Amino acid sequence: MFLNQFLLLSAALFAIGVYGVLARRNGVLVLMSIELILNAVNINLVAFAAFGNSLAGEVFTLFVIAIAAAEVGVGLAMVLLLYRNARNIDLSRIDLMRG
Amino acid sequence: MGVDLLVLAFERPAIDWHAFAPELVLLSVGSLVTLLDIVFLEKARPYTAVVAGLGLLATAVPLLTLALDGTDRVLFGGAYVVDEFALVMKVVFVLAGYVVILLSTNYVAEGDYWENEYYGLLLAAVMGMVMMASSRDLISLFVALELLSIPAYLMVAWRKSDLRSNEAGLKYYLMGVFASAVMLYGMSLLFGIAGSTLLSDINTAVVAGGASVSVVTLGIVFVVAGFGFKVSAVPFHTWAPDVYEGAPTPVTAFLSVASKAAGFVALLALVFVGFYGRPEVWEPLVWILAALSMTVGNLIALRQTNIVRLMAYSGVAQTGFMIAPLAVAGHSTAVGDQALSATVTYLVIYAAMNLGAFAVIISLARKTGSAEISSFAGAFRYAPALTVAMTVFMGSLAGIPPLGGWFAKFEVFRVLTTAGDPWGYALAVVAAVNAAVALYYYASILLRMWADDVPDGDVGAVPITPSLASALAICGVVTLLFGVVPQTVARFTHVSLLALGG
């Protein structure tokens, strides 16, 4: 096993996630794409930690997972709030403010 | 290695409780406010703001004793450091948080919203910022950033049934989470290079040059971009105007000052402790961010009709000024120290003048019921005191002596020119042109307030609540002090990080 294999996997996940954030217009799908990026981060951290003999990477990963969970909780609540008020979660259709 | 760890008995690392006391006070007061809300519900309403405000003032006590003690304290193997820089920024954050509480009292409850939780969230965010000032490690930076950001997302979306507030909250959330995810990816690459999350180890690793240049560059660019979002530097500023407009105005004041300052603190720690040995990577990046932020921010601000959106773009332009000294900071250690002092001084003055401007906007918008600049016309007729205050803050933002803003800009120009670098001179020219452009729109607001007629002819006095008056007083005093006796006050903001990170 080489470190490169993990890094390539995580780079691919990162690219897919960034594409999803930029191209998707549905609030929940954008959230899922962000999760993909965070998982790319986790794979990177764990791979580096495993090959570099350092525990800090695993600890960092645990922090990322825990905080991502809190973040998604807030994010889903906000999407739900928007759905209640606007009856739609299409991000291209919420543009009350511009200028 | 894993097996060895299981065999070893766990030994608690020594904890310096004094160094950690401000965070502990914030944590306990924040929990107390939340508990009061849960237990007493509506009955707790008159007390939560008071408890939160007193809690922030109580936080100043351990900060003061730490400052008097004066020694640098290093905790958790260097991941958390309480030094002069950290203490100055912590005091700024706590004071800014206190002013935001003064601005928020009663305001956030208007339109029948639950007010109590707001203060718990605010204290959590302040705690995140206070932690940010001490973080010298990727993990603690990340945790502090999220502790600040997650409550901020909720506070922006505070008006649950107002679609604009919802939209602002969701936009801020999605862009914020995206930015922190990209930043984390950069952090993971930096961790890979250094094999450690400590910023000082990362500096050693990026200087050593064993790692591939592209990985180092990618890591640094991603991390700077993530914090560029937090400080709303162009091209990561697109969220700011919409979020500022949709959020309740005290929250806007909080975002434009406190959370921006926190982003800067992290950026300073990263640049000066983490990446200082590789200026060829971050200097051009910072140069571009600074020049773009000043120019784009000012040009778009010129054609704004809504004062909150104008403040958003003016904030973007001010970010350009604050970040500019970093573009020459890698020149030498002496210039680096000056650049750090210039940015910290600017941050402190900016916090005071911008919060003050928002305090005036909040007071006036109560009467006019609108944030359009045209509705503030003729404010001098019915609110002379507020108009004078606005003149002080706007004049300071524009950089007119003897108000604080001129000293902030002076420090920036001084650093840019002392470096003796052609790029530094070029940036100084860009900054000078932009300072002139900015004067135009700040002055045109003031002209309307002083000279025009009141649009609806209603010249009834504007009531100023005691909390708003104290907020105005705090901001006004700090703005004037820095302008009138800059050398005396600037002793506190002339700090150094390089001695430690070097």
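Side-chain atoms are counted along with the backbone in the values below, which use heavy atoms only and exclude waters and symmetry mates. Convention: sequence-line order gives letters A, B, ...; per-chain numbering from 1. Predicted model, so just to flag it, every value in this text is computed and none were measured.
- Inter-residue side-chain proximity for A:L91 and B:L170 is flagged as met; some heavy-atom pair is nearer than 4.5 Å.
- Note: A:I67 leads A:I37, A:L38, A:I67, A:L82 in heavy-atom pairs under 4.5 Å with chain B.
- Contact annotation for A:F63: both backbone and side-chain heavy atoms come within less than 4.5 Å of a heavy atom of chain B.
- Taking chain B as the reference chain and counting heavy-atom pairs below 4.5 Å, the highest number among A:T61, A:V30, A:V41 is found for A:V41.
- Side chains of A:S33 and B:F178 form no contact here, defined as non-hydrogen atoms less than 4.5 Å apart.
- Between A:A56 and B:F191, the closest heavy-atom pair is CB-CE1, 4.0 Å.
- For the atom pair B:L154 CG and A:M78 CE, the distance stands at 5.0 Å (nearest 0.5 Å).
- With a threshold of 4.5 angstrom between heavy atoms, B:Y185 approaches chain A through its backbone and through its side chain.
- With a 4.5 Å cut-off on non-hydrogen atoms, B:L138 touches chain A through its backbone and its side chain both.
- Per-residue counts of heavy-atom pairs under 4.5 Å with chain A were compared for B:I150, B:D162, B:V182; the largest is that of B:I150.
- Residues B:M187 and A:F60 meet the side-chain proximity criterion, which asks for heavy atoms closer than 4.5 Å.
- A:L81 is listed as a side-chain neighbour of B:K160, based on a closest heavy-atom distance under 4.5 Å.
- Side-chain contact between B:S180 and A:E71 is present, with heavy atoms from C-beta onward closer than 4.5 Å.
- Only the side chain of B:F222 comes within contact range of chain A, judged by heavy atoms closer than 4.5 Å.
- Heavy-atom distances place both the backbone and the side chain of B:L189 under 4.5 Å from chain A.
- Inter-residue side-chain proximity for A:F48 and B:I193 is flagged as unmet; no heavy-atom pair is nearer than 4.5 Å.
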Next on the checklist: Walk me through whether B:F142 and A:V64 qualify under side-chain contact (heavy atoms from CB on, under 4.5 Å).
Outcome noted: CA-CA 9 Å; B:F142 169 63; A:V64 173; 4.0 Å; yes

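- For the set B:T197, B:L198, B:V177, the count of heavy-atom pairs under 4.5 angstrom toward chain A peaks at B:V177.
- The distance from atom CD1 of A:I34 to atom CE of B:M175, rounded to the nearest 0.5 Å, is 10.5 Å.
- Contacts of B:T305 with chain A are absent, with no heavy-atom separation under 4.5 Å from either backbone or side chain.
- Ranked by non-hydrogen atom pairs under 4.5 Å with chain B, the options A:G57, A:G52, A:A77 are led by A:G57.
- Heavy-atom neighbours of A:R25 CZ from other residues, nucleotides or ligands within 6.0 Å: above the threshold of 12.
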